[in-house]
Student: 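After the structure tokens below, expect a handful of questions from me.
By convention in this document, chain letters (A, B, ...) are assigned in the order of the sequence lines, proteins followed by strands, and residues within each chain are numbered from 1.
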Protein chains: 2
Amino acid sequence: MRLAKELKEMPKKRWTLDDIREYFAQHEIRISVYRLKIFEYLINERTHPTAEEIYRQLKKELPSLSPGTVYNTLRYFLEKKIIQQVNVENNEARYDATLSWHGHLKCLGCGKVFDVHIENLKLGGLEGFEIFEKHLGLKGLCPECLKRKKY
Amino acid sequence: MRLAKELKEMPKKRWTLDDIREYFAQHEIRISVYRLKIFEYLINERTHPTAEEIYRQLKKELPSLSPGTVYNTLRYFLEKKIIQQVNVENNEARYDATLSWHGHLKCLGCGKVFDVHIENLKLGGLEGFEIFEKHLGLKGLCPECLKRKKY
DNA sequence: CAAAATATTAAAATGAGTATAAATTTATAT
DNA sequence: ATATAAATTTATACTCATTTTAATATTTTG
């Protein structure tokens with residue numbers, strides 16, 4: 001059994017634009033066309049895309065979109081805490097609309113980023129510190145790439 | 001190599017240039033003034049500096065040093081696996097000459113990066129994957145900054 | 001609907017990091 | 001110690017992701 005399968009089995013239905021409108025309202029996020037579409041892309045595709053990937057995909061559908069908007073909107077979503085940043089590779093920021101505590105594995109063969117379930121984590125020596133964020137990033141090869149020797 | 005482990009486990013506080021020369025020889029790393037000084041800075045200061053910080057500090061002592069040398073040398077050390085990259089913040093690569101498995105906490109008050117001891121980590125759903133690297137990065141506040149309300 | 005507030009655009013700026021070719025340093029063989 | 005070849009370093013120019021700016025457009029509010 002693979003991780004990807006486990007996550008797919010979780011019955012998460014696709015969000016409609018109205019679901020997102022409601023979610024934005026709950027989080028005091030002003031509505032605009034691009035905010036709705038960018039969030040929709042993140043929450044429904046779940047591929048942990050970079051800003052550039054989001055721009056490239058949405059540009060097809062919304063030709064007047066500019067890269068700056070994608071970057072600004074993602075930064076705004078981070079401030080509002082409705083998305084989290086994924087940084088496995090330090091030269092590319094990726095984004096995830098799933099807020100639960102989990103790790104990320106980047107396959108060095110195909111570049112895909114997989115979610116990793118963290119069953120247990122125990123840290124030492126943090127007495128007196130206050131922790132706001134935890135990020136676990138792995139690098140390796142996915143079963144597909146191992147099978148096809150794509151590396 | 002046989003001697004590498006012995007050296008790694010040596011209870012030596014500060015490394016001398018001769019210690020580093022020996023260590024380089026064991027790892028088949030050619031010696032040069034800058035390589036010695038850059039590694040010395042990493043291993044003795046243990047502040048998880050960025051390339052820019054290393055450049056700025058060493059420039060005082062070695063005025064002809066150029067930034068490219070610092071970047072190239074760090075990349076070379078990574079290839080030779082005598083240092084590891086630390087990425088808590090995805091827009092700044094930091095480096096650590098300690099190779100043991102541990103996490104890093106960046107204080108959002110003072111910007112210092114602290115080592116975090118990982119007592120236990122259990123991941124799920126990685127059957128069929130091959131893992132090469134694991135990185136744990138935390139963001140929070142250190143006791144000093146909490147006390148002085150520097151945030 | 002009009003005014004005010006906020007979002008978006010396109011372009012320029014920034015900043016980390018890389019590539020390159022010429023100059024310098026290092027390892028080695030004399 | 002010196003000559004030589006190989007590797008490293010410098011300086012510069014570049015790339016690429018992201019941010020900022022200032023003008024324009026859209027959304028919200030009265």
Student: Are Tyr95(B) and Val86(B) close enough that some pair of their side-chain heavy atoms sits under 4.5 Å apart?
Tutor: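 Heavy-atom side-chain distance check fails, nothing below 4.5 Å.
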Student: Which word best sums up how the rings of His102(B) and His104(B) line up, parallel for under 30°, tilted for 30 to 60°, or perpendicular for over 60°?
Tutor: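 The arrangement is perpendicular - the two ring planes meet at more than 60°.
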Student: Return the value, rounded to whole Å, for the distance between atom CD of Glu92(B) and atom C1' of dT19(D).
Tutor: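 Nearest whole value for this atom pair: 16 Å.
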Student: Of Val33(B) and Pro67(B), whose closest DNA chain C nucleotide lies nearer the 5' terminus?
Tutor: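 First, find each residue's nearest nucleotide; the 5'-ward one identifies Pro67(B).
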Student: To the side chain of Leu65(B), which of dT9(D), dT10(D), dT20(D) is closest?
Tutor: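 Of dT9(D), dT10(D), dT20(D), dT10(D) is nearest to the side chain of Leu65(B).
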Student: Should we say atom NZ of Lys80(A) is surrounded by more than 12 heavy atoms from elsewhere, each under 6.0 Å from it?
Tutor: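 Yes, NZ of Lys80(A) has more than 12 neighbouring heavy atoms, counting only those of other groups under 6.0 Å.
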Student: Should the pair Arg148(B)-Glu144(B) be classified as a salt bridge under the 4.0 Å nitrogen-to-oxygen rule?
Tutor: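 Salt bridge flag = yes for Glu144(B) with Arg148(B).
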Student: With no hydrogens and no angle check, is any side-chain donor or acceptor of Arg35(B) less than 3.5 Å from a backbone partner on Arg30(B)?
Tutor: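 Yes: the side chain of Arg35(B) pairs with the backbone of Arg30(B).
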Student: When the axes are fitted on five pairs at both termini, how much does the helix from dC1(C)-dG30(D) to dT30(C)-dA1(D) curve, in 10° steps?
Tutor: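 Rounded value for the end-axis angle: 30°.
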Student: Does a side-chain N or O from Arg75(A) land closer than 4.0 Å to OP1 or OP2 of dT19(D), or not?
Tutor: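 Yes, Arg75(A) has a side-chain N/O under 4.0 Å of OP1/OP2 on dT19(D).
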Student: When you compare the side chain of Thr98(B) with that of Arg46(B), does any pair of heavy atoms fall below 4.5 Å?
Tutor: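 Counting from C-beta outward, Arg46(B) and Thr98(B) do come under 4.5 Å.
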Student: In this structure, is the centre-to-centre distance between the rings of Phe129(B) and Phe114(A) below 6.0 Å?
Tutor: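 Judged by ring-centre distance (under 6.0 Å), Phe114(A) and Phe129(B) do meet the cut-off.
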Student: Taking only Lys NZ, Arg NE, NH1 and NH2, and the carboxylate oxygens of Asp or Glu, determine whether Glu92(A) and Arg94(A) approach each other closer than 4.0 Å.
Tutor: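 Arg94(A) and Glu92(A): salt-bridged.
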Student: For the pair made of OH in Tyr76(A) and C1' in dT8(C), what is the distance, rounded to whole Å?
Tutor: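 Tyr76(A) atom OH is separated from dT8(C) atom C1' by 14 Å.
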Student: Report yes if some heavy atom in the side chain of Leu74(A) is under 4.5 Å from a heavy atom in the side chain of Ile38(A); otherwise report no.
Tutor: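 Of all side-chain heavy-atom pairs linking Ile38(A) with Leu74(A), at least one is under 4.5 Å.
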Student: Rounded to whole Å, how long is the line connecting atom CD1 of Ile38(A) with atom P of dT9(C)?
Tutor: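 For the pair Ile38(A) CD1 and dT9(C) P, the rounded distance is 9 Å.
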Student: Provide, to the nearest angstrom, the distance between the NZ atom belonging to Lys80(A) and the P atom belonging to dT6(C).
Tutor: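 Whole-Å distance recorded here is 11 Å.
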Student: To the nearest Å, how far apart are Phe24(A) CZ and dT6(C) P?
Tutor: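 Result: 17 Å.
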Student: What nucleic acid atoms does Ser32(B) come within less than 4.0 Å of, heavy atoms only: base, sugar-phosphate, or nothing?
Tutor: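 Sugar-phosphate, backbone atoms only, no base.
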Student: Look at Tyr71(B) and dG17(C) and indicate whether a side-chain polar atom (N or O) is within less than 4.0 Å of OP1 or OP2.
Tutor: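 Answer is yes, contact under 4.0 Å.
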Student: Does a salt bridge link Glu89(B) with Lys139(B), judged by any charged N lying under 4.0 Å from a carboxylate O?
Tutor: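 Counted as a salt bridge, because a side-chain N and a carboxylate O are separated by less than 4.0 Å.
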Student: So does Arg35(A) get a side-chain nitrogen or oxygen closer than 4.0 Å to the phosphate oxygens (OP1/OP2) of dA7(C)?
Tutor: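 Answer yes for this pair, as a side-chain N or O of Arg35(A) is under 4.0 Å from OP1 or OP2.
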Student: Near DNA chain D, counting only heavy atoms under 4.0 Å, which residues of residues 49-62 of chain B show up?
Tutor: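 Of all residues in residues 49-62 of chain B, none places a heavy atom under 4.0 Å from DNA chain D.
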Student: Grab the CZ-C1' distance between Arg30(A) and dT8(C) for me, whole Å please.
Tutor: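 It is 13 Å, rounded to the nearest whole Å.
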Student: Using whole Å, what does the distance between atom C1' of nucleotide dA21(C) and atom CG of Asn72(B) come to?
Tutor: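 After rounding, the gap between these two atoms is 14 Å.
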Student: Does the side chain of Thr69(B) get closer than 4.0 angstrom to OP1 or OP2 of dT9(D) through an N or O atom?
Tutor: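 For dT9(D), OP1/OP2 do not have a side-chain N/O of Thr69(B) under 4.0 Å.
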Student: Give a yes/no on whether any side-chain N or O of Thr73(A) is located under 4.0 angstrom from OP1 or OP2 of dA7(C).
Tutor: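 For dA7(C), OP1/OP2 do not have a side-chain N/O of Thr73(A) under 4.0 Å.
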Student: Figure out the CD1/P separation between Ile29(B) and dT8(D), and round it to whole Å.
Tutor: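 Rounded to the whole Å, the gap is 11 Å.
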